Amino acid sequence: MKKKIFVLSIIVLIFLVCIFGRGMYFYGKYIIPDKNYFGSNYKEILYPMSFQDKKQANEIMKKIDEAFSFIGNEDEADSSYGELSRYCITDEDAVKENHTLQLITADFDKEIGYLWFVYNQEALDSNNQTVRGSLDILVRATLEKTDYSWDVVNTKEHP
């Protein structure tokens with residue numbers, strides 16, 4: 001009997017570490033100033049995605065990746081990417097761009113949802129000198145469903 005209780009206790013402990021370990025990692029890494037900046041939405045970062053949420057989020061991350069990869073003029077970026085145009089490279093000196101994206105979590109209801117991700121981005125000129133860059137930026141994107149697709153309608157990141 002004691003052995004069964006011990007094994008069950010270990011299983012419960014492992015489960016709790018898996019659930020709360022994720023929160024401790026993100027809360028520890030992004031606690032200041034992001035928790036104050038994002039307000040009550042910050043607790044969403046602990047939401048474990050369902051398989052369907054992850055599948056949908058990966059499709060949206062492809063659109064986000066396209067916006068990050070864009071190098072061109074501001075008008076074209078605005079018309080092609082809307083809210084995501086803020087991540088397009090429109091600096092006249094930039095000829096090359098490098099970025100990484102990491103999906104944190106996402107949740108979708110029938111008509112609205114959100115997605116959290118972290119990015120790094122660097123824009124380079126023809127001499128391989130950095131003209132613009134960002135490192136470990138946490139973003140919350142608000143999503144709306146329109147005509148069978150999800151669109152990013154708002155993004156919030158710490159200034």
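All values below were derived from every heavy atom in this structure, side-chain atoms included, with hydrogens, water molecules and symmetry-related copies excluded. The structure presented is a predicted model; accordingly, all values stated were derived computationally and were not measured.
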### Query
Under 3.5 Å, side chain of Glu83 to main-chain N/O of Thr155, donor-acceptor pair present?
yes
### Query
Going only through I, L, V, M, F, W and Y residues with side-chain contacts under 4.5 Å, is there a path from Phe70 to Met61?
yes
### Query
Is there a path of hydrophobic side-chain contacts, each under 4.5 Å between heavy atoms of I, L, V, M, F, W or Y residues, that connects Val152 with Leu103?
yes
### Query
Lys145 versus Gln56: any side-chain heavy-atom pair under 4.5 Å?
no
### Message
Between Thr130 and Leu124, is the side-chain contact (heavy atoms from CB on, under 4.5 Å) condition met? List the steps.
### Response
CA-CA 4 Å; Thr130 301; Leu124 305 166; 3.6 Å; yes
### Message
What I want to check is whether the side chains of Asn41 and Tyr114 have a donor and an acceptor closer together than 3.5 Å.
### Response
no
### Task
Examine distances only and state if a side-chain atom of Lys63 and a backbone atom of Trp150 form a donor-acceptor pair shorter than 3.5 Å.
yes
### Message
For Arg132 and Glu97: C-alpha separation, side-chain torsions, deciding distance, then whether side-chain contact (heavy atoms from CB on, under 4.5 Å) applies.
### Response
CA-CA 9 Å; Arg132 178 173 131 183; Glu97 181 274 341; over 6 Å; no
### Task
Calculate, to the nearest 0.5 Å, the distance between atoms OG1 and CG belonging to Thr105 and Asp53 respectively.
7.5 Å
### Query
Do Phe117 and Ile60 come within less than 4.5 Å of each other through their side chains, counting heavy atoms only?
no
### Query
Would Ile64 and Val139 satisfy side-chain contact (heavy atoms from CB on, under 4.5 Å), going step by step from the backbone distance to the final call?
CA-CA 12 Å; Ile64 294 170; Val139 179; over 6 Å; no
### Message
Could you tell me if the side chain of Asn120 sits less than 4.5 Å from the side chain of Ile137, heavy atoms only?
### Response
no
### Query
Would a hydrophobic clustering, with Ile, Leu, Val, Met, Phe, Trp and Tyr connected at side-chain separations under 4.5 Å, put Leu115 with Met49?
yes
### Task
Would you kindly confirm whether Ile89 and Leu101 end up in one hydrophobic cluster when ILVMFWY residues are joined by side chain heavy atoms under 4.5 Å apart?
no
### Message
Is there a continuous path of hydrophobic side-chain contacts, each under 4.5 Å between heavy atoms, that joins Val118 to Trp116?
### Response
yes
### Task
Begin from the C-alpha positions of Ile45 and Phe38 and carry the test side-chain contact (heavy atoms from CB on, under 4.5 Å) through to its verdict.
CA-CA 11 Å; Ile45 207 165; Phe38 289 111; over 6 Å; no
### Summary
Here the gap from Glu122 atom CD to Thr100 atom OG1, rounded to the nearest 0.5 Å, amounts to 10.5 Å
### Message
Can you confirm whether Lys96 sits close enough to Asn128 that some side-chain heavy atom of one is under 4.5 Å from a side-chain heavy atom of the other?
### Response
yes
#### Entry: Short side-chain to backbone donor-acceptor contact, Asn58 and Lys54, under 3.5 Å
yes
### Task
Using the side chain to side chain donor-acceptor pair (under 3.5 Å) rule, collect all pairs that involve residues 66-81, keeping only residues at least two apart or in two chains.
Asp78-Ser85
### Task
Please work out which of the three classes, parallel, tilted or perpendicular, describes the rings of Tyr87 and Tyr119, given edges at 30° and 60°.
perpendicular
### Query
If we only count heavy atoms from C-beta on, is the Glu44 to Asp107 side-chain gap below 4.5 Å?
no
### Query
Under the side-chain contact (heavy atoms from CB on, under 4.5 Å) test, which residues partner Asn127, sequence neighbours left out?
Asp125, Gln129
